[in-house]
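Just so it is clear, the model here is predicted, and its values are computed rather than measured.
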Amino acid sequence: MPPLADLGPLLWPFIVLIWVITSMYSRTVVRRRWRAHAQPGHRRVPPATRKVPPGKSLRARWDEARTRYGRVAGEYGEYESDPLRVLRLPALADPAVPSTGRFIDAFHEAMALDTEEFPPEAMAKQFITATDNAAKAWDAAKEAAEKLRASRFTAEERTLIAQGIKLLELAQGGATPAEQEAAFAAARQVLAKLERSAGTRLDWRVPRMARQWIERSGKPRLES
């Protein structure tokens, strides 16, 4: 077997060929990487330098909270001004019902923080939080009132509630002013009796605005 030194002339062509192939491959890889970095569409931005979309400003969140507060205040005001709704969902007028009590507390907190003009930053944040709590508490109180209906009242009181609903419906759809006035007068008597009976056990009464609506609507109309 010939010594390794004698094979040198035969190995050189193979060594040169391997060197050429390796050099061409390395240049190709370097060129591809340079092109990838040079093209803007393929440039990768390091995570530390990526721009994060800005969130909503405090003023925008405060404006949205004022809109939510207005919705809750409007719905609550409509309920307290409508005696029919009060009789159909009496639990919403009873602060002893846990869900109603929580809403009343949350709503009063938001109401105390409500301002026409944009307040200082700390107060704006408090208002946003209080309004979120009030809106959630309002939805929960309505849901609970729908389930409870008149279940907290006695059988006799439930009969008075049904009579009051019929009288108010008759008053609103009466054919003549005299019929309407008579129905409103009878409804006031029924609601007064209901309050006296329920008041011995529950902290329940017809809201002041609903009572005022009945008083105004039940007055004789002046002839023009």
Side-chain angles (χ1 to χ4, degrees), residues 55-153 161-162 164-174 180 183-184 187-188 190-191 194-195 198 202-219:
K56 292 182 180 179
S57 66
L58 180 62
R59 176 59 185 265
R61 289 161 51 211
W62 180 81
D63 287 336
E64 292 178 351
R66 287 214 76 212
T67 300
R68 289 195 300 276
Y69 172 79
R71 176 186 65 82
V72 173
E75 291 181 5
Y76 186 39
E78 289 175 0
Y79 168 80
E80 288 205 314
S81 302
D82 187 345
L84 269 175
R85 293 186 63 185
V86 170
L87 292 179
R88 286 168 178 156
L89 296 177
L92 273 180
D94 187 354
V97 175
S99 56
T100 300
R102 285 191 293 268
F103 162 69
I104 292 174
D105 291 341
F107 181 72
H108 285 171
E109 182 179 354
M111 182 169 57
L113 294 167
D114 181 38
T115 56
E116 293 291 336
E117 302 295 332
F118 183 64
E121 181 176 326
M123 187 174 177
K125 292 180 178 179
Q126 290 176 349
F127 175 72
I128 293 170
T129 301
T131 298
D132 289 342
N133 293 338
K136 293 176 182 177
W138 174 240
D139 291 337
K142 288 190 297 182
E143 183 178 353
E146 288 282 357
K147 294 178 180 178
L148 287 172
R149 292 289 175 171
S151 61
R152 286 168 56 82
F153 295 83
I161 289 174
I165 291 174
K166 290 181 180 179
L167 287 169
L168 289 172
E169 290 175 341
L170 176 61
Q172 292 182 10
Q180 293 177 335
F184 275 121
R188 285 197 299 269
V190 168
L191 293 182
L194 175 62
E195 285 183 327
L202 307 175
D203 186 16
W204 185 90
R205 62 184 56 85
V206 178
R208 178 176 53 85
M209 291 188 292
R211 190 181 297 109
Q212 290 175 345
W213 183 87
I214 294 175
E215 292 291 341
R216 289 194 305 269
S217 301
K219 288 182 179 179

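By the 30° and 60° cut-offs, the orientation of the rings of F118 relative to W62 is perpendicular.
Judged purely by atom type and a 3.5 angstrom limit, N133 uses its side chain to pair as donor or acceptor with the backbone of T129. For T67 (side chain) and D63 (main-chain N/O), a donor-acceptor pair under 3.5 Å exists by modelled atom type. Here the side chain of T131 pairs no donor or acceptor atom with the backbone of Y69 at under 3.5 angstrom. Here the side chain of R88 pairs no donor or acceptor atom with the backbone of E146 at under 3.5 angstrom.
With rounding to the nearest 0.5 angstrom, the CD atom of Q180 is 9.0 Å from the OG atom of S217. Atoms CG and CD, from L58 and E121 in turn, are 5.5 Å apart once rounded to the nearest 0.5 Å. Here E143 contributes atom CD and W138 contributes atom CH2; the two are 13.0 Å apart, rounded to the nearest 0.5 Å. Rounded to the nearest 0.5 angstrom, K125 NZ and L113 CG are separated by 14.5 Å. Note: T100 OG1 to L148 CG = 8.0 Å, rounded to the nearest 0.5 Å. A distance of 11.5 Å separates CD of Q172 from CG of L167, quoted to the nearest 0.5 Å.
Contact annotation: the side chain of P90 approaches that of W204 to within less than 4.5 Å [non-hydrogen atoms, C-beta and beyond]. Between V72 and F103 there is a side-chain heavy-atom pair separated by less than 4.5 Å.
Heavy atoms from other residues, nucleotides or ligands lying under 6.0 Å from NZ of K142 number more than 12.
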Hey, mind stepping through L194 and V206 against side-chain contact (heavy atoms from CB on, under 4.5 Å) and telling me if it holds?
CA-CA 9 Å; L194 175 62; V206 178; 5.9 Å; no
Go through it in stages, so that I can follow the logic: the residues are L92 and V86, the test is side-chain contact (heavy atoms from CB on, under 4.5 Å), and I'd like the CA-CA distance, side-chain angles, deciding distance and then a yes or no.
CA-CA 7 Å; L92 273 180; V86 170; over 6 Å; no
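When all heavy atoms of L168 and P83 are compared, the pair lying nearest together is CD1-CB, 3.7 Å.
In this structure, K136 does not pair ionically with D132, as no charged nitrogen and carboxylate oxygen lie closer than 4.0 Å. In summary, E215 and R211 do not engage in a salt bridge, as defined by a charged side-chain N under 4.0 Å from a carboxylate O.
Proximity of the aromatic rings of F184 and W213 is defined here by a centroid distance below 6.0 angstrom, and this criterion is met.
One side chain, E80 or Y76, offers a donor N or O that lies under 3.5 Å from an acceptor on the other.
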